[in-house]
Amino acid sequence: MSRPMLGAGFFEGDALEVAPKLLNKLLVRGGLVGRIVEVEAYRGSEDPASHAYRGMTPRNATMFGPAGRLYVYFTYGMHWCANVVCRPEGIAQAVLLRAAAPLAGTEAMQAARGSALRQRDLASGPARLCQAFGITGADDGADLVAVDRGIYIADDGVPPPDHPGVSGRVGIRDGVDLPWRWWVPGDENVSRPPAAKRGASRL
DNA sequence: CTTTGGATCGTCT
DNA sequence: GACGATCCAAAGG
C-alpha cells in the first residue's frame, strides 16, 4: 500500500477548507500511524476563539509562520494540543487535530498513554492524540513537509467523507456557534460523538 | 450510560 | 490574578 506524504501545497488555504480535507489523512511519526478523524478550524484575526485573535505573542508565533508547520501549545497546566498551520507567513490560521484512529504502533501508543485503555481511547481527544504520538512543546514549529522532527501527514488513498459530521467547536467560550468542527461519521475514535439524540444511538 | 469536580501551570492582562 | 482549544476517576441512574 502506498502512502504518499503530503506536500506544502496541501496545507495552504483557508482553515475552513483545509480542515475537512485532513479527515482520513494519516498522521505519522516513526512507527506510529493514526487516521485523522476529527478536526477544528481556528481562523486567527477573524476568530474570537483563536489564540491568535489578539495578535502575535511568544506562544502563538508558530501560527503566524508558514503553512505546513505544527503549532503545539500547552493548556490546563498539563496537556499539549497540536494544530496544522495552513496560511502563509503573517496570517494565523490552523487546524486543531482532535482525534485519530490508531492504525500502527498501537502498543507504543498504549505505553505512552499509561493506564489500561481501549483502542478507541488512545487518541480520541486533542491532548490524548498528543500523548499517544509523544507530541510536546519540543515539537512546536515542526515542519511537516521537511519532516524535521519525524512528524508528517500522508495520504493512503482514503478520501475525506463526502458528508462529514459538522458542529460547533468544543471547549471554547467565544464563537461557539461557528460550525467549524468536522469529524468522520460513525468513527469510534471521535472525541465527543454528536450530541446523543433520543432514539438515535446508532449510525 | 451521564454528571461532577479536581488536577495543575503557562500565558496574558 | 484569572483562566484555559482537557482528561480522568468517582459517583449517581
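Just so we're on the same page: letters track the sequence lines, and every chain starts at 1. Keep in mind that the numbers below use all heavy atoms, side chains included, and drop hydrogens, waters and symmetry copies.
- Under 4.0 angstrom from either OP1 or OP2 of dC8(C) there lies at least one side-chain N or O belonging to Arg113(A).
- In this structure, Arg98(A) is not positioned above the aromatic face of Trp183(A) in the sense of NZ or CZ being under 6.0 Å from the six-membered ring centre and within 45° of the axis.
- In this structure, the CG atom of Leu178(A) is 15 Å from the P atom of dA5(C), given to the nearest Å.
- At least one test fails for Arg59(A) against the ring of Tyr71(A): distance under 6.0 Å to the centre or angle within 45° of the axis.
- Here dA5(C) is the nucleotide among dA5(C), dA7(B), dC12(B) with the atom lying nearest to any side-chain atom of Leu96(A).
- Look at CZ on Arg173(A): it is 14 Å from P on dT6(C), rounded to the nearest Å.
- Residue contacts for Ile172(A): at a heavy-atom cut-off of 4.0 Å it reaches the sugar-phosphate backbone alone, with no base atom in range.
- In this structure, dG5(B) and dC8(C) make a Watson-Crick or G-U wobble pair, each of the two defining distances being under 3.5 angstrom.
- Counting non-hydrogen atoms under 4.0 angstrom, Ala49(A) reaches a base of the nucleic acid.
- Counting any heavy atom pair closer than 4.0 Å across all strands shown, Phe74(A) reaches sugar-phosphate atoms only and no base atom.
- Among the atoms of the strands shown, only primed sugar atoms or phosphate atoms (P, OP1, OP2) are found under 4.0 Å from some heavy atom of Arg59(A).
- Side-chain atoms of Tyr73(A) come within donor-acceptor range of the base of dA5(C), with a qualifying N/O pair under 3.5 Å.
- A salt bridge is absent between Asp139(A) and Arg149(A); no separation between the charged side-chain nitrogens and carboxylate oxygens falls under 4.0 Å.
- Between His51(A) and Tyr73(A), the distance separating the two ring centers is shorter than 6.0 angstrom.
- We find that OH of Tyr76(A) is positioned 14 Å from C1' of dG5(B), with the value rounded to whole Å.
- If you check dT11(B), dT6(C), dA7(B) against the side chain of Met78(A), the one that comes closest is dA7(B).
- Residue Gly171(A) is the one, among Gly171(A) and Asp121(A), whose nearest nucleotide of DNA chain C lies closer to the 5' end (criterion: closest heavy atom).
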